[in-house]
Amino acid sequence: MKKTTLSVLTSIVLGSMAFSANAAQDWQDDAKDAWIDGKAETTLLLNTNLNSFDINTDVTDGNVTLTGKVNSSVDKALAAELVKSVDGVNEVNNELTVMTQHHEKDHDSETFADTLTDSKVATVVKTRLLFSTDISGTEIDVDVENGVVTLEGTVSSDAERDLALTIAKNTDDVKKVVDELRIIG
């Protein structure tokens, strides 16, 4: 009788420990997906070429599904490229619907790719500036054309200017950085 009771108690304890470990792992996975979802939504929001309020993101195990409406096939491709660049994203399932078929000019694939790359670079630089606690990223405008990043706005010190320029220079696909920052304060 004592052995049976001891066996039952041991089984209950081990079973609850296994359940707790699974629950903790599920919580961590859910938190990671929520973090990726927030970063993806922020990236889309900061891109001035997209109406991010019509784009929904859903993240499961690091895989992002985009749903909603966009104005063109360029916007659809841009949204997917921007989300692919977010840390932690494994795969993007682009289910966005193109609402209207604009009579788009014939673009050669190189121009189209350059436009997407410039938009991605602008979003990445702006996001990194906003997430830096040492820079007032809201005071800095980021423009990108053909891989050339122009930073314009105000900073409070030479050190802040140098940090902003370094962040831009260290971003993938940046060919050159133009400094139009002004120091105030």
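- Take Asn93 and apply the side chain to side chain donor-acceptor pair (under 3.5 Å) test, not counting sequence neighbours, and it matches Glu95.
- How far OG1 of Thr117 is from NZ of Lys175: 8.5 Å, rounded to the nearest 0.5 Å.
- Between Asn63 and Val59, every side-chain heavy-atom pair lies at or beyond the 4.5 Å cut-off.
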Check step by step if side-chain contact (heavy atoms from CB on, under 4.5 Å) holds for Ile36 and Val64. CA-CA 9 Å; Ile36 292 170; Val64 180; 4.2 Å; yes

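- Taking OG1 from Thr60 and CG from Asp33, the interatomic distance works out to 6.0 Å, rounded to the nearest 0.5 Å.
- Among residue pairs with one or both ends in residues 62-89, those qualifying as salt bridge (charged side-chain N to carboxylate O under 4.0 Å, His left out) are Glu81-Lys84; sequence neighbours excluded.
- For the atom pair CD1 (Ile135) and CD (Glu160), the distance works out to 6.0 Å, reported to the nearest 0.5 Å.
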Would you please test Thr97 and Val70 for side-chain contact (heavy atoms from CB on, under 4.5 Å) and show each step? CA-CA 6 Å; Thr97 303; Val70 292; over 6 Å; no

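- Inter-residue side-chain proximity for Thr154 and Ile183 is flagged as unmet; no heavy-atom pair is nearer than 4.5 Å.
- Side-chain contact between Ile167 and Ser132 is present, with at least one heavy-atom pair separated by less than 4.5 Å.
- For the pair Thr150 and Glu180, the minimum side-chain heavy-atom distance is below 4.5 Å.
- Under the 4.5 Å side-chain criterion, counting only non-hydrogen atoms from C-beta, Asn170 is in contact with Thr166.
- The two atoms that bring Ala79 and Ile55 nearest to each other are CB-CD1, 4.2 Å, heavy atoms only.
- The minimum heavy-atom distance between Asp118 and Val144, with the atom names listed, is OD1-CG1, 3.5 Å.
- Connection of Ile140 to Val149 is established within a shared hydrophobic cluster, with ILVMFWY side chains joined at heavy-atom distances below 4.5 Å, either directly or through further cluster members.
- Taken to the nearest 0.5 Å, the CG atom of Asp143 stands 10.0 Å off from the NZ atom of Lys126.
- In this structure the side chain of Thr67 reaches within 4.5 angstrom of the side chain of Thr65, judged on heavy atoms.
- Contact between Ala164 and Leu181 at its shortest, heavy atoms only, is CB-CD1, 4.1 Å.
- There is no path of hydrophobic side-chain contacts, each under 4.5 Å, that joins Trp35 to Val124.
- Here Asp179 contributes atom CG and Asp162 contributes atom CG; the two are 8.5 Å apart, rounded to the nearest 0.5 Å.
- A pairwise comparison of heavy atoms in Ser85 and Leu82 identifies OG-O, 2.6 Å as the closest pair.
- Interatomic distance, Glu152 CD to Arg182 CZ, rounded to the nearest 0.5 Å: 7.0 Å.
- Under the 3.5 Å distance criterion, with hydrogens and angles disregarded, a donor-acceptor pair is assigned to the side chains of Thr57 and Asp37.
- Inter-residue side-chain proximity for Asp141 and Leu151 is flagged as unmet; no heavy-atom pair is nearer than 4.5 Å.
- Here the side chains of Leu165 and Leu163 are not in contact, with every heavy-atom distance at 4.5 Å or above.
- Hydrophobic clustering (side-chain heavy atoms under 4.5 Å, transitive across Ile, Leu, Val, Met, Phe, Trp, Tyr) groups Leu96 together with Val89.
- In the hydrophobic clustering of ILVMFWY residues, with side-chain heavy atoms under 4.5 Å counting as a link, Phe131 and Leu129 come out apart.
- Closest of all the heavy-atom pairs between Asp173 and Lys120 is OD2-NZ, 3.2 Å.
- Under the 4.5 Å side-chain heavy-atom criterion for grouping Ile, Leu, Val, Met, Phe, Trp and Tyr, Val177 is connected to Val155 within one hydrophobic cluster.
- The minimum heavy-atom distance between Asn56 and Gly68, with the atom names listed, is ND2-CA, 4.4 Å.
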